[in-house]
Amino acid sequence: MKERWSEPAPELAAGPRPNVAGMNLEQLRALVASLGESPFRAAQIHQGLYQQRWTHWAQFSSLSKTLRAALEARTRLLWPELRESVASEDGSTKHAFLLEDGSLVEGVHMPYGDRTTLCLSSQVGCAMGCTFCATGLMGIKRNLTAGEITGQVVTMLNAHCHPPGAPVNLVFMGMGEPLHNIGNVMAAFALLTDPKGLGLSPRRITLSTSGLVSGIQRLAGYPRRPRLALSLNATTDAYRDRIMPVNKAWNLAALAAALRAFPLEHGERITLEYVLLKGVTDSLEDGRRLASFAGQFPSKVNLIPFNPHEGSGFEPPAEARIGELCGLLAARGVTVSVRRSRGQDVAGACGQLVRGIE
Ligand code: SAH
Ligand code: SF4
């Protein structure tokens, strides 16, 4: 049987008029040329979209009224729309975005001191079918476009009134498997890191994958790319097969080989995310095997206590066990941190806000 992730995911059907939100400079040049305008108008539109984060043609005051009217008539300027926002006691806010075809995806705004981290979705649903994950239970609907990925950033920064240029980190840890949508994710990465656009630092963008080895190999070939995080989540093939079906295509040995071959910059490390499921992945033996997996390449480990959601059948680990595993890893020279999922009081695991609305 062909696995769902070995087929490309469906794409958004083309709308009646092209959507400029998400176009790069080249695409904007072609658009203004088709309207009989000079190329520097494209740069002005680009700046308005990605530096000013404008959302309506009326804001593009440097363009003539005639051009604005032509753009209004011939194109759409459509960013993802905020459908619901839920603030958590810890300061983070979960946002549900409504997309033009009625799909919903999630993003999270997390202010930490003087830095803000945004968690982004890459697909509507997910094809990977991990059994502990709320999004995995939804199945895959489609890929997000580059504009919808970039638009989550634009919409969240606008909603939280971020001044242009303020430091922002991005993590692709919302809904979807980003390497199953690598083309659109990397097109969004280019828009997000363009110094003449949103101007975010490539080093502050992290892509998290469930271990799609073909995608990891493709990512390695990009001259500019985000940092890599791998959702390891189990330390034996028997258990990883059980909770992450992708492991049947690329097992732990194949994964480790791909990570050892991944070209890292000086000082760069691969993050290993490890979800702790009580009685399944949280034994001390797991801790020892995790340490030896992590020792094969420059890495750091992020332990994530399972975030319970209805119908999953898994439980979070005991607090004492989290501490024991941290100690065991640190004693073996592994850099380890524990991620307390933010926004637990409002929505629990990723994908739950959207499931709640649906
Ligand atoms: N699809 C990508 C990125 C999105 S999932 C990936 O799997 O890496 C982001 C992270 O959340 C992953 O590390 C995943 O293992 C973790 N995760 C999923 N469901 C979870 C849950 N219920 N509790 C805790 N972490 C979860
Ligand atoms: Fe998809 Fe990641 Fe959830 Fe697995 S953990 S189903 S890859 S979103």
Side-chain angles (χ1 to χ4, degrees), residues 3-6 9 94 105-108 110 117-144 149 152 170-182 185 205-213 215-216 219 226-235 239-250 255 259 270-278 280-282 290 300-317 322 337-344 347-355:
E3 298 292 354
R4 281 167 301 170
W5 63 76
S6 57
K94 277 210 174 205
V105 291
E106 238 174 71
V108 191
M110 296 169 279
T117 299
L118 305 179
C119 177
L120 307 181
S121 293
S122 56
Q123 297 181 308
V124 184
C126 184
M128 307 310 291
C130 304
T131 55
F132 53 85
C133 172
T135 308
L137 299 175
M138 296 170 58
I140 180 77
K141 186 166 169 197
R142 67 170 174 87
N143 282 332
L144 295 187
I149 295 167
Q152 294 169 65
L170 300 182
V171 293
F172 281 92
M173 294 183 188
M175 299 168 79
E177 166 51 59
L179 293 182
H180 188 214
N181 184 18
I182 188 168
V185 165
I205 302 180
T206 301
L207 181 157
S208 172
T209 180
S210 57
L212 209 52
V213 166
I216 294 173
L219 186 69
R227 301 257 149 154
L228 185 63
L230 171 84
S231 298
L232 184 64
N233 298 346
T235 63
Y239 276 101
R240 203 164 190 272
D241 281 352
R242 229 178 86 188
I243 60 173
M244 301 185 77
V246 68
N247 199 64
K248 293 177 194 151
W250 290 284
L255 205 45
L259 297 179
I270 295 173
T271 302
L272 296 176
E273 298 162 276
Y274 193 88
V275 176
L276 295 169
L277 304 170
K278 186 178 187 176
V280 184
T281 64
D282 69 344
L290 175 54
K300 53 186 173 187
V301 168
N302 200 205
L303 298 177
I304 315 174
F306 174 64
N307 214 330
H309 53 94
E310 215 174 304
S312 75
F314 294 105
E315 284 173 58
I322 303 173
S337 58
V338 179
R339 189 197 304 161
R340 301 284 168 183
S341 295
R342 293 195 126 208
Q344 272 192 0
C350 267
Q352 258 196 296
L353 178 59
V354 160
R355 280 174 84 207

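Numbering of ligands and ligand atoms starts at 1, following listing order.
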Side-chain H-bond candidate by donor/acceptor type, Glu177 with Ser210, under 3.5 Å: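 There is such a pair (donor and acceptor under 3.5 Å, judged by atom type) between the side chains of Glu177 and Ser210.
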Polar side chain donor-acceptor pair, Ser337 to Asn302, under 3.5 angstrom: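 Per modelled atom types, Ser337 and Asn302 side chains form a pair under 3.5 Å.
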Enumerated ligand 1 atoms positioned under 4.0 Å from heavy atoms of [X]:
| X | value |
| --- | --- |
| Gly174 | 4 (C) |
| Glu273 | 10 (C), 12 (C), 13 (O) |
| Ile304 | 24 (C), 25 (N) |
| Cys133 | 18 (C), 19 (N) |
| Gly176 | 1 (N), 2 (C), 3 (C), 4 (C) |
| Asn233 | 15 (O) |
| Phe172 | 3 (C) |
| His309 | 22 (N) |

May I ask you to identify the nearest protein heavy atom to [atom], giving residue, atom name and distance to one decimal place in Å?
| atom | result |
| --- | --- |
| atom 3 (Fe) of ligand 2 | Cys133 SG, 2.3 Å |
| atom 1 (Fe) of ligand 2 | Cys126 SG, 2.3 Å |
| atom 2 (Fe) of ligand 2 | Gly176 O, 4.5 Å |
| atom 4 (Fe) of ligand 2 | Cys130 SG, 2.3 Å |

Cationic N near anionic O, under 4.0 Å, Arg339 to Glu273: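 Counted as a salt bridge, because a side-chain N and a carboxylate O are separated by less than 4.0 Å.
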In the structure I gave you, are the side-chain heavy atoms of [X] and [Y] within less than 4.5 Å of one another anywhere?
| X | Y | answer |
| --- | --- | --- |
| Pro178 | Val185 | yes |
| Val275 | Leu303 | no |
| Leu179 | Leu207 | yes |

Check: Arg240 side chain, Leu232 main-chain N or O, donor-acceptor pair, under 3.5 Å: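 Looks like yes, one N/O pair under 3.5 Å.
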Heavy-atom nearest neighbour of atom 26 (C) of ligand 1 within options Asn302, Thr209, Leu232, Val275: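 That would be Val275.
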Asn181 and Gln123: CA distance, side-chain angles, deciding distance, side chain to side chain donor-acceptor pair (under 3.5 Å) verdict: CA-CA 7 Å; Asn181 184 18; Gln123 297 181 308; 5.7 Å; no
Those atoms of ligand 2 less than 4.0 Å from some heavy atom in Gly136: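 Near Gly136, the atoms of ligand 2 are 6 (S).
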Enumerated ligand 2 atoms positioned under 4.0 Å from heavy atoms of Ser210: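 Here the atoms of ligand 2 in question are 7 (S).
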Smallest separation among heavy atoms of Gly125 and Thr135, with atom names: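 Minimum heavy-atom contact is C-CG2, 3.7 Å.
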Residue Lys300 excluded, over 12 heavy atoms near NZ under 6.0 Å: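 No, the 6.0 Å shell around NZ holds no more than 12 heavy atoms from other groups.
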